[in-house]
Amino acid sequence: MTDTTTALAPTDAVSLHASVIAWFDEHARDLPWRRPEAGAWGVMVSEFMLQQTPVSRVLPVYEQWLARWPRPADLAAEAPGEAVRAWGRLGYPRRALRLHGAAQAIAERHGGDVPSEHAQLLALPGIGEYTAAAVASFAYGQRHTVLDTNVRRVFARAASGIQYPPTATTAAERRLARTLLPDDQETAARWAAASMELGALVCTARNEDCARCPIAGQCAWRLAGKPAHEGAARRGQTYAGTDRQVRGKLLAVLRASTAPVPQSALDGVWHEPVQRARALDGLVADGLVEPLEDGTYQLPS
DNA sequence: CATGCGTGGAG
DNA sequence: TCTCCAAGCAT
């Protein structure tokens with residue numbers, strides 16, 4: 001029961017908030033989903049796209065998406081396959097399907113407006129703990145602990161004195177986040193965005209830039225001499241030759257064609273027939289691909 | 001709770 | 001070249 005969460009005394013919390021928020025006011029990126037006109041739908045779309053995908057790649061797709069489907073009901077009225085097609089090469093295309101499903105649920109159950117309640121957001125497909133908190137905080141200014149990979153890393157370093165947070169989010173991390181969350185709602189929402197941005201721009205996974213960090217003087221990790229991460233290097237996720245790669249190739253063919261695609265066109269993307277069939281079956285099972293009576297395939301209608 | 005799920009850029 | 005990683009979620 002070692003307590004590594006009190007490196008920052010509660011009395012330091014106020015100055016901590018002020019430092020990070022002041023830094024944010026000065027250095028925050030001007031991202032489209034942060035502009036007032038984005039609205040809750042814009043925030044929600046951005047959060048789906050940003051799940052495991054860098055900002056630079058999200059930007060162009062986000063703009064096209066919002067121009068085409070400015071409200072949830074606009075997307076809900078489309079075939080899910082159109083969402084998958086518009087998703088392009090962002091990766092993890094199941095997110096497109098879930099975003100479409102979330103839009104339908106919003107149109108049906110919430111009168112077309114993105115719900116503001118955390119529990120209602122959490123009930124939507126594709127929205128988990130993080131995204132629910134992010135939308136409630138960023139779009140509606142509510143007070144929530146927004147624990148993404150950036151915030152977890154900032155807290156791990158500044159408060160716990162370790163280089164990287166654990167693989168999976170722990171109860172201790174949630175507790176720490178709650179402790180550090182400002183009491184005032186407006187300040188809390190600002191803090192959530194600011195601490196995340198700090199992790200994205202300064203306190204990055206590699207090449208952290210402590211010289212530009214507003215809380216370097218209070219950072220437990222830096223003060224401890226920045227000890228290296230203990231334990232084995234995290235997973236080496238090979239991609240070449242996996243089902244994921246095959247699925248990606250198959251879906252790319254289907255995205256490129258408005259007309260149904262014959263089996264022969266799909267056979268060309270991968271030499272090994274067993275794996276190819278398994279990948280295609282998986283896509284069908286996930287609802288990303290629709291097999292037709294005549295043996296052709298298309299994006300879901 | 002460990003896995004599977006895409007893709008591309010940086011170091 | 002190859003490894004790591006980028007605002008997670010669902011099972």
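Note on naming: letters A, B, ... go to the chains in the order of the sequence lines (proteins, then strands), and numbering restarts at 1 for each one.
- Checking the phosphate oxygens (OP1, OP2) of dC9(C), a side-chain nitrogen or oxygen of Thr131(A) falls inside 4.0 Å.
- With DNA chain C read from its 5' end, the first of the two nearest nucleotides for Pro125(A) and Leu50(A) is the one closest to Leu50(A).
- Contacts of Thr53(A) with the nucleic acid, taken as non-hydrogen atoms under 4.0 Å apart, include base atoms.
- Residues Ala168(A) and Asp243(A) each lie close to DNA chain B; by heavy-atom proximity, the contact nearer the 5' end of the strand is made by Ala168(A).
- Judged by closest nucleotide on DNA chain C, Phe138(A) is the one of Phe138(A) and Gly126(A) placed further toward the 5' end.
- Residue-level contact check: Trp33(A) touches the bases, meaning some heavy atom is under 4.0 Å from a base atom.
- Within the 4.5 Å cutoff, the side chain of Glu208(A) has heavy atoms near those of the Arg157(A) side chain.
- Nucleic acid contact for Arg153(A): sugar-phosphate only, since backbone atoms but no base atoms lie under 4.0 Å from a heavy atom of the residue.
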Arg68(A) and Asp74(A): salt bridge (charged side-chain N to carboxylate O under 4.0 Å, His left out), yes or no, with the steps?
CA-CA 8 Å; Arg68(A) 182 172 176 183; Asp74(A) 300 319; over 6 Å; no
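- Distances shown here put every side-chain N or O of Gln51(A) at or beyond 4.0 Å from the OP1 or OP2 atom of dA7(C).
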Sort me out a list of protein N/O and nucleotides 8-10 of chain B N/O pairs below 3.5 Å, or just none if empty.
from   : atom 1 : to       : atom 2 : distance (Å)
dG8(B) : OP1    : Arg89(A) : NE     : 2.5
dG8(B) : OP2    : Arg89(A) : NH2    : 3.3

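- One finds a side-chain N or O of Arg247(A) lying less than 4.0 angstrom from the OP1 or OP2 phosphate oxygen of dG6(B).
- Within the nucleic acid shown, Leu122(A) has no heavy atom closer than 4.0 Å to any nucleic acid atom.
- The residues Glu173(A) and Arg178(A) are annotated as not salt-bridged, no charged nitrogen and carboxylate oxygen being separated by less than 4.0 angstrom.
- Taking atom P in both dA7(C) and dG11(B), one finds a spacing of 15 Å when rounded to whole Å.
- When each of dT7(B), dG8(C), dA7(C) is scored by its nearest atom to the side-chain atoms of Glu47(A), the top-ranked nucleotide is dA7(C).
- dT7(B) atom P lies 11 Å from atom CG of Leu288(A), rounded to whole Å.
- Atoms CZ (Arg98(A)) and P (dG4(B)) sit 16 Å apart, rounded to a whole Å.
- Residue contacts shown for Leu251(A) are absent, as no nucleic acid heavy atom lies under 4.0 Å away.
- A salt bridge links Arg190(A) with Asp25(A); the closest basic N to acidic carboxylate O contact falls under 4.0 Å.
- By the 30° and 60° cut-offs, the orientation of the rings of His17(A) relative to Trp191(A) is perpendicular.
- In this structure, Leu250(A) places its CG atom 13 Å from C1' of dG6(B), rounding to the nearest Å.
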